[in-house]
Amino acid sequence: MNQYETVFILTPVLSDAQMKEAVEKFKAILTQEGAEIINEENWGLKKLAYPIQKKTTGFYQLIEFKAEPSVIAKLEVNFRRDERVIRFLTFRMDKYAAEYAAKRRNVKSTKKEEN
């Protein structure tokens with residue numbers, strides 16, 4: 001199993017409930033295919049670097065997971081079919097990227113405990 005990270009941008013016209021439902025849909029696809037979700041982050045509504053489909057903002061979401069390579073094709077087909085997704089990017093993390101992501105998660109968790 002390889003470790004992957006996917007970031008996708010959802011259209012800004014969604015309500016909070018619709019956004020969460022879209023994220024749950026993609027997480028369900030991953031778990032149905034046997035992927036193990038390691039980390040999930042909601043980066044919130046951010047300004048895009050350039051307009052996409054006449055939109056200047058979008059809801060960013062990151063999901064880190066371990067899965068077989070065949071799962072990625074199915075996930076990306078679902079990203080393409082869903083009109084709520086503006087853009088997506090999935091890449092396989094090498095061992096250095098995986099170590100960095102683990103350190104970043106630990107730093108975030110310790111900052112949450114301090115607050």
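Hydrogens, waters and symmetry mates play no part in the numbers below; they use all other heavy atoms, side chains included. Owing to the predicted nature of the structure, the values given are computational and were not obtained by experimental measurement.
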Does the pair R84/E21 count as a salt bridge with the N-to-O cut at 4.0 Å?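 A salt bridge is present here (some side-chain N lies under 4.0 Å from a carboxylate O).
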So how far is it from [X] [atom1] to [Y] [atom2], rounded to the nearest 0.5 Å?
X   : Y   : atom1 : atom2 : answer
E36 : K66 : CD    : NZ    : 5.5 Å
I72 : K74 : CD1   : NZ    : 12.5 Å
R87 : T11 : CZ    : OG1   : 12.5 Å
E24 : I29 : CD    : CD1   : 11.5 Å

Answer whether the closest heavy-atom distance between the side chains of L75 and F65 falls below 4.5 Å.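 With C-beta onward as the side chain, the pair touches.
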Could you state whether [X] and [Y] fall into the same hydrophobic cluster, counting links through intermediate Ile, Leu, Val, Met, Phe, Trp or Tyr residues with side-chain heavy atoms under 4.5 angstrom apart?
X   : Y   : value
V23 : L30 : yes
I86 : M19 : no
L10 : L45 : yes
V71 : I37 : yes
L62 : I52 : yes

Among F8, Y4, F79, find the residue that satisfies the ring-ring contact (aromatic ring centres under 6.0 Å, His included) test when tested with F88.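 It is F79; the other options fail the test.
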Would a distance-only check, ignoring hydrogens and angles, find a side-chain to backbone donor-acceptor pair under 3.5 Å from T6 to I63?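 No, T6 side chain to I63 backbone: no donor-acceptor pair under 3.5 Å.
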For the residue pair Y60 and K47, what are the closest heavy atoms and their distance?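 Closest approach of Y60 to K47: OH-O, 4.2 Å.
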Could you check V13 against F59 for side-chain contact (heavy atoms from CB on, under 4.5 Å), going step by step and ending with a plain yes or no? CA-CA 9 Å; V13 298; F59 289 107; over 6 Å; no
After noting the C-alpha distance and the side-chain angles of R105 and E64, does the key distance pass the salt bridge (Lys or Arg N to Asp or Glu O under 4.0 Å) rule? CA-CA 11 Å; R105 281 195 304 273; E64 235 178 283; 2.4 Å; yes
Assess the residue pair I38 and Q3 against the criterion (side-chain contact (heavy atoms from CB on, under 4.5 Å)); give the C-alpha distance rounded to whole Å, side-chain angles, the decisive distance to 0.1 Å, and a yes or no. CA-CA 9 Å; I38 299 170; Q3 187 163 335; 3.7 Å; yes
Under 6.0 Å from the [atom1] atom of [X], do we count more than 12 heavy atoms belonging to anything else shown?
X   : atom1 : answer
K55 : NZ    : yes
E83 : CD    : no
K46 : NZ    : no

Can you confirm whether the side chains of Q61 and E41 place a donor and an acceptor under 3.5 Å from each other?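 Result is no, nothing qualifies.
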Using the rule side-chain contact (heavy atoms from CB on, under 4.5 Å), only one of T56, T57, I9 pairs with L48; which is it?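 So the option named by the test is I9.
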